[in-house]
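Only a predicted model underlies this, so the values are computations on that prediction, with no experimental measurement involved. Below, each value reflects all heavy atoms present in this structure, side chains not excepted, and no hydrogens, waters or symmetry copies.
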Amino acid sequence: MRRIMSFRDFDWTLLGIVALLCTISVLEIYSATLHTKYVGFHTKQIYWILGGVVAMFLFSLIDYHKLIDWVPWFYGFFLLGLMAVLVPGIGHKALGARRWIKVGPILFQPSEWMKLVMILAVARYFANLGGRNLTWKEIFKAFALVGIPMLLILKQPDLGTSLTYIPVLMIGMFLGGIDLKQALILMVAATVLVVGGWSSGKLLKPYQKARLTGFINPDNDPKGAGYQVLQAKIAVGAGGIWGKGAEKGTQTQGAFIPIPHADFIFAAFSEEHGFVGAVFVLLLYFLILMRLIQNAQTAADLPGSLIIMGIVAVLTFQIAVNVGMVIGFMPVTGIPLPLMSYGGSSVLFTFLALGVVMNIRMRRFVN
């Protein structure tokens with residue numbers, strides 16, 4: 001018997017948790033920017049969230065099988081976008097990087113949209129292989145699929161966004177049928193390539209190297225590469241158990257944390273709301289990821305499960321790296337905290353990804 005797709009099958013619990021996290025984000029952006037030149041950015045964040053919610057509902061209505069069919073066109077279009085970004089006069093340059101294309105008053109960042117396209121493309125690729133053991137030829141094709149956009153993004157340069165493509169490939173290969181021997185060989189090869197690229201000096205720029213190594217001994221360069229890590233750690237520690245309260249964090253309000261409403265929003269939040277507040281936010285992320293995994297388990301087919309697990313991989317990576325960066329366990333890479341950090345491209349990506357998840361969930365009983 002055919003069951004009609006209905007919004008009753010929407011994951012309202014997941015949406016409720018996301019809404020709570022977005023509310024915390026807006027309040028924290030307001031507090032963190034109150035006495036800075038970024039005052040008022042919380043209003044822009046509200047607009048991005050509302051736009052994201054609309055986009056999520058629209059995406060939930062488009063059959064994800066059609067998205068999979070269309071993904072080669074999406075892939076080609078955004079690949080051209082990544083190339084166009086690098087062209088002077090087309091790509092918009094800010095903060096030393098050329099990552100955006102200006103469309104009227106809006107800055108369009110192809111690399112953020114490409115993340116969702118990459119998740120769909122990887123899911124399509126491995127689903128078409130049928131879950132059997134992978135051959136080396138198929139593995140190399142997967143590397144090319146992900147590697148070409150990554151190299152273009154590294155040229156911008158945008159190390160943080162390029163790194164988020166790696167977990168998509170890893171989860172795809174893991175669920176797609178790679179065996180242990182192949183995985184070990186790839187790990188050794190990746191280690192050799194990373195060491196070689198690091199030593200050659202051609203893979204990363206000097207400031208990127210400084211960021212990647214600065215978190216290990218930030219005191220060696222407290223006013224340079226180690227500055228952000230040190231200030232973030234001071235803010236987190238200053239929050240104590242219960243925090244200093246909204247608008248009372250000296251590290252945040254004193255502008256010691258660089259751009260506290262963006263990549264370092266978790267440090268600002270921890271200073272104002274302490275260990276208890278930080279744990280509460282992490283609990284919300286845990287619940288979101290668990291709901292996503294549950295939806296992957298109940299998906300009607302392999303492509304649906306692969307898409308959701310690709311989204312889980314990206315979000316988990318971003319959360320782990322951003323929080324680890326703030327507490328000094330990970331290098332500073334400019335990866336935003338999903339649904340918390342200010343930024344239109346990041347917010348839209350997350351809501352579009354959630355729209356695809358809802359899409360898959362709503363069709364799990366449709367035949």
> Step by step, would you call H65 with D301 a side chain to side chain contact (heavy atoms under 4.5 Å, CB included)?
Replying inline: CA-CA 10 Å; H65 296 102; D301 51 25; 2.6 Å; yes
>> Using side chain to side chain contact (heavy atoms under 4.5 Å, CB included), reason through Q156 and L82 one step at a time and then give a plain yes or no.
In response: CA-CA 9 Å; Q156 294 178 3; L82 292 176; 3.7 Å; yes
>> Applying a strict under-4.5 Å side-chain criterion to I, L, V, M, F, W and Y, I'd like to know whether V54 and W113 cluster together.
In response: no
> In Å, rounded to the nearest 0.5 Å, how long is the span from CG of L15 to CG of L20?
Replying inline: 11.5 Å
>> What's the separation between atom CE in M150 and atom CG in D158, rounded to the nearest 0.5 Å?
In response: 11.0 Å
>> Any heavy-atom pair between the side chains of F78 and M118 that's under 4.5 Å?
In response: no
>> Please tell me whether V276 and V326 are part of a single hydrophobic cluster in this structure, the criterion being side-chain heavy atoms less than 4.5 Å apart.
In response: no
> With sequence neighbours excluded, what pairs up with D63 under the salt bridge (Lys or Arg N to Asp or Glu O under 4.0 Å) test?
Replying inline: R363
> Between atom CD1 of I360 and atom CE of M358, what is the distance when rounded to the nearest 0.5 Å?
Replying inline: 11.5 Å
>> What I want to find out is whether K115 reaches E112 closely enough, with some N-O distance under 4.0 Å, to be called a salt bridge.
In response: yes
> Does L145 offer a backbone N or O that forms a donor-acceptor pair with the side chain of Y75 under 3.5 Å?
Replying inline: yes
> Given side chains that start at C-beta, do those of F126 and E138 come closer than 4.5 Å, heavy atoms only?
Replying inline: no
>> Tell me every residue that passes ring-ring contact (aromatic ring centres under 6.0 Å, His included) with Y38, counting only those two or more places apart in sequence or in another chain.
In response: F41, H261
> In Å, rounded to the nearest 0.5 Å, how long is the span from CE of M56 to CG of L61?
Replying inline: 10.5 Å
> Hey, what else clusters with I234 if you join Ile, Leu, Val, Met, Phe, Trp, Tyr whenever side-chain heavy atoms sit under 4.5 Å?
Replying inline: none
> Ring centres of F10 and F57 under 6.0 Å apart?
Replying inline: yes
> Of all heavy-atom pairs between Q45 and S25, which one has the smallest distance, and what is that distance?
Replying inline: NE2-OG, 3.5 Å
> To the nearest 0.5 Å, what is the distance between CD1 (I288) and CG (L283)?
Replying inline: 10.0 Å
>> Under the rule for salt bridge (Lys or Arg N to Asp or Glu O under 4.0 Å), what residues qualify as partners of E28, not counting sequence neighbours?
In response: none
> Which pair of heavy atoms, one from G310 and one from V168, lies closest together, and at what distance?
Replying inline: O-CG2, 4.3 Å
> According to a 4.5 Å side-chain heavy-atom criterion applied to Ile, Leu, Val, Met, Phe, Trp and Tyr, with indirect links allowed, do F269 and L282 form part of one hydrophobic cluster?
Replying inline: yes
> In chain order, what residues pass the salt bridge (Lys or Arg N to Asp or Glu O under 4.0 Å) check against R291, with sequence neighbours excluded?
Replying inline: D11
> Can you tell me if N322 uses its side chain to pair, donor with acceptor, with the backbone of D263 under 3.5 Å?
Replying inline: yes
>> Looking at every heavy atom in both A144 and P149, which two are closest together, and how far apart are they?
In response: O-CD, 4.4 Å
> Would a distance-only check, ignoring hydrogens and angles, find a side-chain to backbone donor-acceptor pair under 3.5 Å from S305 to A296?
Replying inline: yes
> Under 3.5 Å, is there a donor-acceptor pair between the side chain of Q182 and the main chain of L134?
Replying inline: yes
> Is it true that a side-chain atom of T191 and a backbone atom of M187 form a donor plus acceptor pair closer than 3.5 Å?
Replying inline: yes
> Do M83 and L79 pass the side chain to side chain contact (heavy atoms under 4.5 Å, CB included) test, and can you show the C-alpha distance, the side-chain angles, and the key distance before you say yes or no?
Replying inline: CA-CA 6 Å; M83 295 176 185; L79 200 62; 4.2 Å; yes
> Does some side-chain heavy atom of I307 sit less than 4.5 Å from a side-chain heavy atom of L67?
Replying inline: no
> Does F275 CZ have over 12 foreign heavy atoms under 6.0 Å away?
Replying inline: no
>> Let me confirm one number: the CZ-NZ distance from F329 to K233, rounded to the nearest 0.5 Å.
In response: 8.0 Å
> What are the two closest non-hydrogen atoms of A267 and A235, and how far apart are they?
Replying inline: O-CB, 3.9 Å
> Ignoring hydrogens and geometry, is there a side-chain-to-backbone donor-acceptor pair from T164 to T161 under 3.5 Å?
Replying inline: yes
> Yes or no on side chain to side chain contact (heavy atoms under 4.5 Å, CB included) for L169 and M173, after CA distance, side-chain angles and deciding distance?
Replying inline: CA-CA 6 Å; L169 176 61; M173 289 194 297; 4.0 Å; yes
>> Applying ring pair (Phe, Tyr, Trp, His ring centres under 6.0 Å) as the test, list every pair that has at least one member in residues 279-323; sequence neighbours left out.
In response: none
> Are side-chain heavy atoms of Y165 and V122 found at a separation under 4.5 Å?
Replying inline: no
> So with a 6.0 Å cut-off around CH2 of W73, is the heavy-atom count from everything else above 12?
Replying inline: no
>> Are M290 and I319 linked, directly or through intermediate hydrophobic residues, by side-chain heavy-atom contacts shorter than 4.5 Å (ILVMFWY only)?
In response: yes
> Can you tell me if S270 uses its side chain to pair, donor with acceptor, with the backbone of F266 under 3.5 Å?
Replying inline: yes
> Are any of the side-chain heavy atoms of T13 and I17 separated by less than 4.5 Å?
Replying inline: yes
> Within a strict 4.5 Å, meaning less than it, do heavy atoms of the I24 and L284 side chains meet?
Replying inline: yes
> If you group Ile, Leu, Val, Met, Phe, Trp and Tyr by side-chain heavy-atom gaps below 4.5 Å, do L306 and I293 land in one group?
Replying inline: yes
> Do P110 and V85 have side chains that get closer than 4.5 Å, going by heavy atoms?
Replying inline: yes
>> Can you confirm whether L354 sits close enough to L292 that some side-chain heavy atom of one is under 4.5 Å from a side-chain heavy atom of the other?
In response: yes
> Nearest heavy-atom pair of S346 and P336: which atoms, and what distance?
Replying inline: OG-CG, 3.7 Å
>> Using every non-hydrogen atom in the two residues, find where L348 and G51 come nearest and quote the distance to one decimal.
In response: CD2-C, 4.2 Å
